[in-house]
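Every chain is numbered from 1, with letters handed out A, B, ... down the list of sequences.
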Amino acid sequence: MESSWGFIEDGWRKGPWTADEDRLLIEYVKLHGEGRWNSVARLTGLRRNGKSCRLRWVNYLRPDLKRGQITPHEERIILELHARWGNRWSTIARSLPGRTDNEIKNYWRTHFKKKTKNSCDNFEKSRARLWKRQQFQQQQQKSTSKR
DNA sequence: AAAGGGTGCAACCGCGCCCCA
DNA sequence: CTGGGGCGCGGTTGCACCCTT
């Protein structure tokens with residue numbers, strides 16, 4: 001019945017994670033490794049679905065996360081890579097050890113999104129069109145080379 | 001001091017891809 | 001070959017915490 005933030009819906013908990021939930025998830029990964037997220041609930045009793053578990057681990061609990069302020073150096077990389085690839089956050093994240101796609105996405109949106117509203121907006125749109133064309137051509141190449 | 005507005009981040013959702021029975 | 005589960009990605013939301021008025 002109750003579907004409000006932080007409580008149970010369809011048997012799954014949602015909303016912010018508690019310290020106890022974090023402990024259960026960390027314990028699970030220690031024992032079974034990353035992945036197989038849908039078995040977390042079955043094996044630990046944690047009332048979270050697989051998606052929620054994966055997200056929590058990848059974006060928050062992973063021990064190799066850097067945390068804290070984005071450095072000027074990292075910021076430069078983000079700007080460069082975003083100029084090249086657009087919103088391909090996971091691709092950008094691979095060049096920034098210890099940072100997640102979610103973190104980078106949040107950072108860029110809060111710090112640079114508004115600056116593209118005006119003069120850069122048109123540039124942004126044309127870059128997007130170019131990207132789509134490239135994607136299309138790559139798809140063509142893939143499908144022709146497979147046959 | 002209290003209300004209103006803005007901001008940042010954690011977490012959600014839908015979509016689409018891949019893999020396997 | 002195909003239907004469904006598992007997962008990754010990108011966009012979006014909602015809440016807590018500012019800062020202003």
Mind listing the closest non-hydrogen atom pair of A/L46 and A/C53 along with its distance? CD2-SG, 4.1 Å
Out of B/dC12, C/dG6, B/dC13, which has the shortest distance to the side chain of A/N38? C/dG6
Are A/E75 and A/Y107 close enough that a side-chain donor and a side-chain acceptor fall under 3.5 Å? yes
Would you mind checking if A/E103 and A/K66 are paired as a salt bridge, meaning a charged N to carboxylate O distance below 4.0 Å? no
Grab the CH2-P distance between A/W17 and B/dA11 for me, whole Å please. 8 Å
Of C/dT12, C/dC7, C/dC9, the nucleotide closest to the side chain of A/W37 is C/dC7
Could you state the CD-P distance from A/E103 to C/dC9, rounded to the nearest angstrom? 15 Å
Short side-chain N/O contact from A/S90 to OP1 or OP2 of C/dG8, under 4.0 Å: no
Counting side-chain heavy atoms from CB outward, which of C/dG6, B/dC9, C/dG10 is closest to A/W89? C/dG10
Using only side-chain N and O atoms of A/R88, determine if any of them is under 4.0 Å from OP1 or OP2 of C/dG8. no
Which of the following nucleotides, C/dC7, B/dA11, B/dC9, is nearest to the side chain of A/R36? C/dC7
So, for A/T100 and A/V58, which heavy atoms are closest and what is the spacing to 0.1 Å? CG2-O, 3.4 Å
Of B/dA10, B/dG14, C/dG10, the nucleotide closest to the side chain of A/N106 is B/dA10
Hey, is the side chain of A/K105 pairing donor to acceptor with the base of C/dG11 inside 3.5 Å? yes
At under 4.0 Å between heavy atoms, what does A/G35 touch on the DNA or RNA strands: base, sugar-phosphate, or nothing? sugar-phosphate
Rounded to the nearest Å, what distance is computed from the CG atom of residue A/N49 to the P atom of nucleotide B/dA11? 13 Å
Would you say A/R94 places a side-chain N or O within less than 4.0 Å of OP1 or OP2 belonging to C/dC9? yes
Closest to the side chain of A/R56, out of C/dT12, C/dC7, B/dA11, is B/dA11
Considering only heavy side-chain atoms of A/N102, the closest of B/dA10, B/dC15, C/dG10 is B/dA10
Interatomic distance where CD1 belongs to A/I104 and P belongs to B/dC9 [whole Å]: 13 Å
With respect to the phosphate group of C/dG14, does any side-chain polar atom (N or O) of A/K14 fall under 4.0 Å of OP1 or OP2? no
Is the closest side-chain donor-acceptor distance between A/Y28 and A/S39 under 3.5 Å? yes
In whole angstrom, what separates A/N87's CG from B/dC15's P? 19 Å
Return the value, rounded to whole Å, for the distance between atom CD of A/E21 and atom P of B/dA11. 10 Å
Nearest whole Å is fine: how far is B/dC13 P from A/W12 CH2? 13 Å
Can you tell me the distance, in whole Å, between the NZ atom of A/K51 and the P atom of B/dA11? 15 Å
Salt bridge check, A/E80 against A/R84: does any charged N sit closer than 4.0 Å to a carboxylate O? no
